[in-house]
K.L.:
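I have a structure I would like to understand better, so I am pasting it below and will then ask my questions one at a time.
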Amino acid sequence: MKIFIDTANVDHIREMADIGILSGVTTNPTLIAKEGRDFLEVIKEITEIVDGPISGEVISLEAEGMVKEGIEISKIHPNMVVKIPLTSEGLKATKELSKLGIKTNVTLVFSANQALLAATAGATYVSPFVGRLEDTLHDGIEVVADIRRIFDQYNFKTEIISASIRTPKQMADSALVGAHIATVPYEVLRKAITHPLTDKGIKAFMDDWNAVFNKK
Ligand code: G3P
């Protein structure tokens with residue numbers, strides 16, 4: 001499973017890219033607004049940091065506007081992916097953009113049927129929202145597993161991006177059920193890297209070493 005970061009914060013993106021674990025970036029209007037910076041400026045900066053798919057979301061609600069915005073987003077950089085919400089208009093726009101050879105990430109997916117419809121419309125990626133499903137006591141990971149089974153059964157090339165990840169466990173569970181990608185917030189990636197037993201182990205190794213070789 002590939003790891004994307006779900007943020008528009010360039011410092012966080014740079015930190016994770018430097019570690020070498022990032023294959024892509026996803027943003028949404030909330031994440032861009034949180035940075036308080038111009039959309040184009042932020043996206044351009046991200047394309048200079050990460051050489052992989054970068055999702056930028058449309059804000060139009062009608063297919064025509066989504067397609068226009070999508071074409072503009074795709075012109076920013078060859079790695080750009082147009083993020084489109086799963087509505088009837090969104091499906092229509094996905095179909096149009098896919099005919100133009102423009103990559104799409106259909107977002108706000110909450111069921112296997114929605115994912116199947118997005119794949120049928122030609123989506124490059126679908127983003128089931130695991131965390132938001134689990135917030136409402138639904139099994140988000142089961143939805144990801146169902147989508148993977150359907151895509152495999154019918155040979156869809158659409159890739160699943162496990163999104164709205166809130167915990168390291170949701171990240172690992174996404175990998176276990178076959179998500180192609182998990183897009184993970186910075187804080188969750190930091191938690192996934194660290195483990196108290198790793199820290200404790202390093203301290204014990206250092207103490208033992210210093211007791212013998214660095215006696216004062
Ligand atoms: O990629 C989707 C993600 O940005 C939504 O996350 O935490 O707002 O549910 P969240």
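Basis for what follows: all heavy atoms, side chains included, without hydrogens, waters or symmetry-related copies. Just so you know, ligand 1 is whichever comes first in the structure, and atom 1 is the first atom listed for that ligand.
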K.L.:
Ion pair present between Asp11 and Arg14, side-chain N to carboxylate O less than 4.0 angstrom?
P.N.:
yes
K.L.:
Only one of Ile165, Ile161, Asn105 clears side-chain contact (heavy atoms from CB on, under 4.5 Å) with Thr183; which?
P.N.:
Ile161
K.L.:
Which heavy atom of the protein is the closest neighbour of atom 10 (P) of ligand 1, given with residue, atom name and distance?
P.N.:
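Sorting protein heavy atoms by distance from atom 10 (P) of ligand 1 puts Arg166 NH2, 3.4 Å first.
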K.L.:
How far is atom 1 (O) of ligand 1 from its nearest protein heavy atom, and which residue and atom is that?
P.N.:
Asp6 OD2, 3.1 Å
K.L.:
Could you list the atoms of ligand 1 found under 4.0 angstrom from a heavy atom of Asn28?
P.N.:
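Going through ligand 1 atom by atom, the ones under 4.0 Å from Asn28 are 3 (C), 4 (O).
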K.L.:
Which of the atoms of ligand 1 are close to Ala163, meaning less than 4.0 Å from one of its heavy atoms?
P.N.:
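Atoms satisfying the 4.0 Å criterion: 1 (O), 2 (C).
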K.L.:
Passes side chain to side chain contact (heavy atoms under 4.5 Å, CB included), Ile84 versus Leu97? Steps please.
P.N.:
CA-CA 10 Å; Ile84 299 179; Leu97 290 168; 3.5 Å; yes
K.L.:
Please list the nearest protein heavy atom to atom 6 (O) of ligand 1 with its residue and the distance rounded to 0.1 Å.
P.N.:
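Going atom by atom, the protein heavy atom closest to atom 6 (O) of ligand 1 ends up being Ser164 CA, 3.5 Å.
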K.L.:
Students should be able to answer this: which protein heavy-atom is nearest to atom 8 (O) of ligand 1, and at what distance?
P.N.:
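Heavy-atom neighbour on the protein nearest atom 8 (O) of ligand 1: Arg132 NH2, 2.8 Å.
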K.L.:
With a 4.0 Å cut-off on heavy atoms, does Glu134 reach ligand 1?
P.N.:
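Contact absent.
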K.L.:
Could you list which atoms of ligand 1 come closer than 4.0 Å to a heavy atom of Phe129?
P.N.:
2 (C), 5 (C)
K.L.:
Answer yes or no: is there an ion pair linking Asp146 with Arg149, defined by an N-O contact shorter than 4.0 Å?
P.N.:
yes
K.L.:
Closer than 4.0 angstrom, basic N to acidic O: yes or no for Arg148 and Asp152?
P.N.:
yes
K.L.:
Regarding Ser162 and Ser174, do their side chains bring together a donor and an acceptor under 3.5 Å, going by distance alone?
P.N.:
yes
K.L.:
Any side-chain donor-acceptor pair under 3.5 Å between Thr26 and Ser55?
P.N.:
no
K.L.:
So which bit of Lys83 gets within less than 4.0 Å of ligand 1, heavy atoms only: side chain, backbone, both or neither?
P.N.:
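Side chain only.
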